[in-house]
Amino acid sequence: ERRRGVLQAFEALDKRSPKTKQRVGELKELAAGLSSLLVQSLAVPMKQEWRRLVARFADEYEKEKRRLGAHDFDDLLFFTYRALSGTTPVQKAVRRRMQERFSHIFVDEYQDTSILQSRIMELLKRPDNLFMVGDVRQSIYRFRHAHPEIFLDALKRIKSCALRENYRSRPELLGLVNRVFEERFASDYAPLIPKRSFKLKKEYCLEWIGVPKDARQLDELRVVEARTLASRIRAMVDSGFEVEEGGVRRPARYRDFAI
């Protein structure tokens, strides 16, 4: 309330001379900065309590894993790295033995690699046996510590090629994807080339359903988008829209749709 009153007073003063306006602007910035510091100071006890709860949970979680003799996925990564990265004679022997064990190492979805996973690959590979596939635009696992920068950095150091030939999707769909992506990414996008032959269809194979972008918030627009899509799928199922399975056409069911 006090901050609001101060800002209102500033607004009233703001209507006066240019010099006064300048000073008022400086005071507004100062008030905003002090307000931010106040909020941060009020949040300190909450942050401390949150850290305490997380630390307590981590401790109990580790105890339970030891009791069960179990490891989670992150444990496997950490222990693997520890076993391969050491400098003792035993660790060096383990690393050499594992390097000799694999004739080739293939890594899929390389754009979702974490720093720890990348270091494990570097410890396992030989100079000429690491093959990676990925698309940096499809990186969606930052919450699992994925770093797309690892992929981009690797492109500068290794031989690479663009896999443009597509054997999965119809030419009409790839045409739309190419048009949208070429506008969005310009010269940084390699257009996809349809290579699979499909039977001609009587009905359309591509439908564009747009959601108007108005003054609503992004979360609200996502709800509208989801409801619009759900409504269209329900209408297709209710109308007897047909799909082909094993060369036989039948009415579509909800399990036929992928979002």
Could you pull out all donor-acceptor pairs under 3.5 Å where a side-chain atom in residues 94-108 meets a protein atom, sequence neighbours excluded?
| residue | atom | partner | partner atom | Å |
| --- | --- | --- | --- | --- |
| Arg95 | NH1 | Leu84 | O | 2.3 |
| Arg95 | NH1 | Gly86 | O | 3.1 |
| Gln99 | NE2 | Leu123 | O | 2.8 |

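- Within a 6.0 Å radius of CZ in Arg253, more than 12 heavy atoms belonging to other residues, nucleotides or ligands are found.
- Under the 4.5 angstrom side-chain criterion for Ile, Leu, Val, Met, Phe, Trp and Tyr, the cluster partners of Leu173 are Leu174, Leu176, Val177, Val180, Phe181, Phe185, Tyr189, Leu192, Leu206, Trp208.
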Output side-chain donor-acceptor pairs under 3.5 Å for residues 146-157, partner residues at least two apart or in another chain, one line each.
| residue | atom | partner | partner atom | Å |
| --- | --- | --- | --- | --- |
| Asp153 | OD2 | Arg157 | NE | 3.2 |

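- Aromatic ring centres of Tyr141 and Phe143: separated by under 6.0 Å.
- Atom-to-atom distance recorded for Lys195:NZ and Arg164:CZ is 10.5 Å, nearest 0.5 angstrom.
- A 6.0 Å sphere centred on CZ of Arg144 holds no more than 12 heavy atoms belonging to other residues, nucleotides or ligands.
- If you take CD on Gln117 and CG on Leu77, they are separated by 5.5 Å, rounding to the nearest 0.5 Å.
- Listed by first and then second residue, the side chain to side chain donor-acceptor pair (under 3.5 Å) pairs that reach into residues 226-248 are Tyr204-Arg232, Glu207-Arg232, Glu242-Arg249, Glu245-Arg250, sequence neighbours excluded.
- Scanning all heavy atoms of the two residues, the minimum distance from Phe198 to Arg196 falls at CD1-O, 3.5 Å.
- Residues that satisfy the salt bridge (charged side-chain N to carboxylate O under 4.0 Å, His left out) test with Arg222, not counting sequence neighbours, are Asp219.
- Interatomic distance, Ile120 CD1 to Phe78 CZ, rounded to the nearest 0.5 Å: 10.5 Å.
- When the salt bridge (charged side-chain N to carboxylate O under 4.0 Å, His left out) test is applied to Lys65, the partners found at least two apart in sequence or on another chain are Glu62, Asp72, Asp75.
- For the pair Ser139 and Gln111, the tightest heavy-atom approach, listed with the atom from each and the gap, is OG-O, 3.3 Å.
- The minimum heavy-atom distance between Ser118 and Thr113, with the atom names listed, is N-CG2, 3.5 Å.
- When all heavy atoms of Asn129 and Arg126 are compared, the closest pair comes out as OD1-N, 2.6 Å.
- Considering CG of Asp256 and CZ of Phe241, their distance stands at 10.0 Å, rounded to 0.5 Å.
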